[in-house]
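To start, the structure under review is shown below, and the notes come after it.
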Amino acid sequence: MSNQYFENNPNLKSEEHVITYYFKNTTLKFTSDSGVFSKGGIDFGSSLLLKSLIINDEVKLLDVGCGYGTIGVTVAKTNPQVFVDMVDVNLRAIELAKRNALNNSVSNVCVFESNMYENVKDVIDAIHTAGGIAILAHPVKS
């Protein structure tokens with residue numbers, strides 16, 4: 001294994017640390033670890049995406065490749081009318097995302113394993129992937 005963040009390597013040494021992220025007058029704390037994307041801090045692209053995102057309606061968002069939860073947890077925390085399904089193939093990232101949602105008192109998320117849309121069953125209004133967010137004109141059921 002090459003220890004990429006999209007692989008599962010249970011033998012990879014854990015080196016957890018906490019990242020503090022300030023967003024829209026809200027302080028969030030994320031536990032990160034080896035073997036996940038942007039393990040050292042919130043990356044520029046994710047921060048820029050969050051700062052430019054405007055959500056006014058009640059929507060269901062799918063965060064594909066959620067990692068330790070930066071996008072999904074932040075959106076859910078600052079937009080309580082939004083429900084976020086967060087999926088990843090990396091089991092370590094999934095566990096971190098679940099913990100980060102809990103530790104930031106975010107209950108309007110569901111974190112589960114899925115390769116892209118494979119295990120997604122709900123109707124989705126918007127999808128976040130590494131390329132950005134697509135707001136769907138007509139919600140789709142995967």
Side-chain angles (χ1 to χ4, degrees), residues 1-136 139-142:
M1 283 193 158
S2 58
N3 295 329
Q4 297 293 320
Y5 63 85
F6 49 82
E7 297 175 331
N8 286 304
N9 182 353
N11 299 319
L12 186 63
K13 181 182 175 191
S14 177
E15 296 178 357
E16 288 188 4
H17 63 279
V18 176
I19 299 163
T20 302
Y21 182 55
Y22 303 99
F23 182 75
K24 290 188 178 180
N25 300 318
T26 303
T27 302
L28 296 111
K29 296 208 179 273
F30 293 97
T31 301
S32 182
D33 199 355
S34 301
V36 298
F37 175 73
S38 195
K39 68 180 180 183
I42 309 301
D43 66 287
F44 176 77
S46 294
S47 185
L48 182 62
L49 179 105
L50 285 164
K51 289 175 185 172
S52 63
L53 183 63
I54 299 171
I55 300 176
N56 294 322
D57 299 324
E58 183 176 318
V59 296
K60 176 96 177 210
L61 174 69
L62 174 62
D63 184 1
V64 177
C66 68
Y68 55 86
T70 304
I71 302 287
V73 171
T74 301
V75 168
K77 180 76 174 181
T78 57
N79 298 276
Q81 79 282 11
V82 173
F83 189 87
V84 183
D85 274 348
M86 301 167 57
V87 300
D88 206 303
V89 294
N90 182 323
L91 299 178
R92 182 175 286 186
I94 291 168
E95 289 308 310
L96 288 168
K98 287 178 181 179
R99 283 176 40 202
N100 287 328
L102 183 66
N103 292 340
N104 284 287
S105 302
V106 173
S107 59
N108 50 328
V109 298
C110 181
V111 184
F112 56 98
E113 181 182 5
S114 185
N115 183 3
M116 296 294 289
Y117 316 111
E118 183 176 75
N119 297 323
V120 178
K121 306 297 180 212
D122 291 342
V123 174
I124 302 297
D125 300 301
I127 299 172
H128 165 261
T129 64
I133 289 187
I135 305 298
L136 307 173
V140 295
K141 182 170 180 6
S142 0

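Keep in mind it's a predicted model, so treat the numbers as computed, not measured.
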Shortest non-hydrogen separation from [X] to [Y] and the atoms involved:
{"X": "Val89", "Y": "Ser114", "result": "CG1-O, 3.5 Å"}
{"X": "Ser38", "Y": "Ser32", "result": "O-OG, 4.4 Å"}
{"X": "Ala101", "Y": "Val109", "result": "CB-CG2, 3.6 Å"}

Once you round to the nearest 0.5 Å, how far does [atom1] of [X] lie from [atom2] of [Y]?
{"X": "Ile71", "Y": "Leu53", "atom1": "CD1", "atom2": "CG", "value": "8.0 Å"}
{"X": "Asp33", "Y": "Thr31", "atom1": "CG", "atom2": "OG1", "value": "9.0 Å"}
{"X": "Asp122", "Y": "Leu62", "atom1": "CG", "atom2": "CG", "value": "9.5 Å"}
{"X": "Phe30", "Y": "Thr70", "atom1": "CZ", "atom2": "OG1", "value": "5.0 Å"}

Could you tell me whether the side chain of [Y] reaches within less than 4.5 Å of the side chain of [X], counting heavy atoms only?
{"X": "Ile94", "Y": "Phe112", "result": "no"}
{"X": "Tyr117", "Y": "Val64", "result": "yes"}
{"X": "His17", "Y": "Ile19", "result": "yes"}
{"X": "Val84", "Y": "Asn108", "result": "no"}
{"X": "Glu16", "Y": "Leu96", "result": "yes"}
{"X": "Met86", "Y": "Val73", "result": "yes"}
{"X": "Asp43", "Y": "Phe37", "result": "yes"}
{"X": "Ile42", "Y": "Tyr22", "result": "no"}

Exam field: side chain [X] to backbone [Y], donor-acceptor pair closer than 3.5 Å:
{"X": "Asn103", "Y": "Lys29", "value": "no"}
{"X": "Asp88", "Y": "Asn90", "value": "yes"}
{"X": "Asn100", "Y": "Tyr68", "value": "yes"}
{"X": "Lys77", "Y": "Asn104", "value": "yes"}
{"X": "Ser52", "Y": "Leu49", "value": "yes"}
{"X": "Arg92", "Y": "Val36", "value": "no"}

**Item:** Working for side chain to side chain contact (heavy atoms under 4.5 Å, CB included), residues Cys110 and Phe83
**Value:** CA-CA 8 Å; Cys110 181; Phe83 189 87; 3.9 Å; yes

After noting the C-alpha distance and the side-chain angles of Glu118 and Val87, does the key distance pass the side chain to side chain contact (heavy atoms under 4.5 Å, CB included) rule?
CA-CA 10 Å; Glu118 183 176 75; Val87 300; over 6 Å; no

